[in-house]
Amino acid sequence: RLMEAGEEFGVCAYGTEALGVMRIEKGHISGPELNGTTTPRDVGLRGMVSTKKDFIGRALGGRPGLADPDRPQLVGFRPVDRTVRLRSGAHFVAKGKDTVAANDEGYMTSVAYSPSNGHWVGLGFLKRGPDRIGEIVRAWDPVRNGDFEVEVVSPVFVDPEGERVRG
């Protein structure tokens, strides 16, 4: 009945994998980004935190370590070579730097092949991430012998103005 009712609108069935791809394409955070170590500031929601009233977590959120400007923040990534497959868990290292823990600047949390973009896209946390949009960094994946360049981009890959979602 649902398919019949939606026929005139071009309705189609989809599964949870498609839903996961769409959430990454839209830059929506989920389990991999909400791992118990992130703050509203880290995921781009600083403006939703009240500055006028008390709430649970306010004192903790004001601690210097959680307000450090070098703290990794959510951004998007796309491979410089569009044929490269991104991998969750890859660590970010500045170009020209050695792949050692001291040079680790963040990590990839979620990836998907984006049919809308025609290549892999990813979300992750990078030191001063939003300030580095347009920069090229290395995504180093020692587990799967990966080492490739990615561009730091907005975490929203599809419909950034929200025109499609709002009709």
Side-chain angles (χ1 to χ4, degrees), residues 14-49 61 63-165:
Y14 71 91
T16 57
E17 182 65 21
L19 191 60
V21 170
M22 289 188 286
R23 82 123 182 125
I24 294 169
E25 287 177 328
K26 286 297 289 176
H28 292 186
I29 57 176
S30 186
E33 292 80 35
L34 301 172
N35 61 14
T37 66
T38 55
T39 68
R41 181 184 169 278
D42 298 341
V43 296
L45 298 176
R46 183 178 191 171
M48 295 184 76
V49 176
R63 289 186 176 174
L66 295 179
D68 184 347
D70 279 345
R71 191 172 162 83
Q73 295 176 336
L74 183 74
V75 285
F77 298 91
R78 63 179 173 212
V80 171
D81 174 353
R82 299 291 196 262
T83 64
V84 168
R85 178 182 180 165
L86 299 182
R87 301 281 187 172
S88 292
H91 285 259
F92 302 119
V93 180
K95 287 172 55 175
K97 296 281 187 172
D98 290 333
T99 53
V100 295
N103 294 331
D104 190 339
E105 296 188 319
Y107 59 97
M108 188 94 61
T109 55
S110 298
V111 301
Y113 180 81
S114 169
S116 301
N117 286 270
H119 58 80
W120 287 83
V121 297
L123 300 175
F125 292 96
L126 180 68
K127 286 183 181 180
R128 299 177 328 282
D131 296 334
R132 296 172 69 181
I133 289 180
E135 186 177 328
I136 306 295
V137 297
R138 289 170 59 197
W140 179 60
D141 181 4
V143 174
R144 292 164 285 221
N145 295 321
D147 192 354
F148 47 88
E149 293 182 342
V150 293
E151 180 182 2
V152 182
V153 297
S154 163
V156 182
F157 296 93
V158 173
D159 190 31
E161 289 81 31
E163 294 171 6
R164 285 173 55 185
V165 76

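Nearest approach of Asp81 to Thr83, heavy atoms of both residues: OD1-OG1, 2.6 Å. For Lys95 against Ile136, the heavy-atom pair with the smallest separation is CD-O, 3.4 Å. Scanning all heavy atoms of the two residues, the minimum distance from Gly122 to Met108 falls at CA-SD, 3.9 Å. Residues Val21 and Ala112 approach most closely at CG2-CB, 3.9 Å, considering heavy atoms. The minimum heavy-atom distance between Phe77 and Val152, with the atom names listed, is CE2-CG2, 3.9 Å. Shortest non-hydrogen contact noted between Pro130 and Leu74 is CG-O, 4.3 Å.
Once rounded to the nearest 0.5 Å, the distance linking OG of Ser30 with CG of Leu19 reads 9.0 Å. Here CG of Leu123 is found 6.0 Å from CZ of Arg23. Values are rounded to the nearest 0.5 Å. Separation of atoms OG1 (Thr109) and CG (Asn35) is listed at 8.5 Å; rounding is to 0.5 Å. Atoms CD and NZ, on Glu105 and Lys97 in that order, are 8.0 Å from each other to the nearest 0.5 Å. To the nearest 0.5 Å, atom CH2 of residue Trp140 and atom CG of residue Asn145 are 10.0 Å apart. One finds the CZ atom of Phe148 at 5.0 Å from the CG atom of Leu86 (value rounded to the nearest 0.5 Å).
Heavy atoms of other residues, nucleotides or ligands lying less than 6.0 angstrom from CZ of Arg82 number more than 12.
The backbone N or O of Ala139 sits nowhere less than 3.5 Å from a side-chain atom of Arg87 that would complete a donor-acceptor pair. No side-chain donor-acceptor contact under 3.5 Å links Asn117 to the backbone of His119. Of the possible donor and acceptor atoms, one in the side chain of Lys26 sits under 3.5 Å from a partner among the backbone N and O of Val158. Remark: the backbone N or O of Asp98 is paired with a side-chain donor or acceptor of Asn103 at under 3.5 angstrom. Listed for the Asp42 side chain is a donor-acceptor partner under 3.5 Å among the backbone atoms of Thr39.
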Given Arg128 and Glu135, is the salt bridge (charged side-chain N to carboxylate O under 4.0 Å, His left out) satisfied, shown in steps? CA-CA 11 Å; Arg128 299 177 328 282; Glu135 186 177 328; 5.8 Å; no

Apply the test side-chain contact (heavy atoms from CB on, under 4.5 Å) to residues Val75 and Arg132: give CA-CA distance (whole Å), side-chain angles for both, the deciding distance (0.1 Å), then the verdict. CA-CA 9 Å; Val75 285; Arg132 296 172 69 181; over 6 Å; no

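Ring geometry for Trp120 against Tyr113 counts as perpendicular: the plane angle is over 60°, on a 0 to 90° scale with 30° as the lower cut.
Considering only heavy atoms from C-beta on, Pro40 stays 4.5 Å or farther from Arg46 through its side chain.
Look at Glu151 and Arg78 and you find a salt bridge, because one of the NZ, NE, NH1 or NH2 atoms lies within 4.0 Å of a carboxylate O, short of that distance.
Using modelled atom types, one finds a donor on one side chain and an acceptor on the other under 3.5 Å when comparing Glu33 with Ser110.
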